[in-house]
Amino acid sequence: MPIPDYQTLMLPLLKLAGDGAVHSKRDTVPELASQFGLSEEEQKELLPAANRRFLTIGSAGRGPT
């Protein structure tokens with residue numbers, strides 16, 4: 001599966017956040033990566049514009065910019 005864009009990522013993130021349980025960012029990132037079937041290599045891939053990983057602990061909780 002290709003690396004999801006922001007819009008594709010948000011619905012699973014919101015569903016996870018809305019299940020009534022408390023989720024840390026550290027637990028959320030691997031859960032989302034698993035849902036999207038991302039390999040270790042894909043998880044480490046850098047975004048061309050930002051020169052940072054697509055899904056990081058900090059970006060999982062970041063709102064629209």
Could you list the donor-acceptor pairs under 3.5 angstrom formed by side chains in residues 9-19, with sequence neighbours left out?
{"residue": "D19", "atom": "OD1", "partner": "A21", "partner atom": "N", "Å": "2.9"}
{"residue": "D19", "atom": "OD1", "partner": "H23", "partner atom": "NE2", "Å": "2.9"}
{"residue": "D19", "atom": "OD2", "partner": "H23", "partner atom": "NE2", "Å": "3.0"}

- Task: Would you name the heavy atoms of G37 and E42 that are closest together and state the gap between them?
- Result: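 Reported closest heavy-atom pair: O-OE1, 3.9 Å.
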- Query: Which of these passes side chain to side chain contact (heavy atoms under 4.5 Å, CB included) with S24: T28, V22, D27?
  - Reply: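 Result: among T28, V22, D27, D27 is the only option passing the side chain to side chain contact (heavy atoms under 4.5 Å, CB included) with S24.
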- Task: Please identify each residue that fulfils side-chain contact (heavy atoms from CB on, under 4.5 Å) with E41, with sequence neighbours left out.
- Result: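 By the side-chain contact (heavy atoms from CB on, under 4.5 Å) rule, E41 matches S39.
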- Task: Sequence neighbours left out, what passes side-chain contact (heavy atoms from CB on, under 4.5 Å) with S34? Give chain and number order.
- Result: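 With neighbours one apart ignored, the set is empty.
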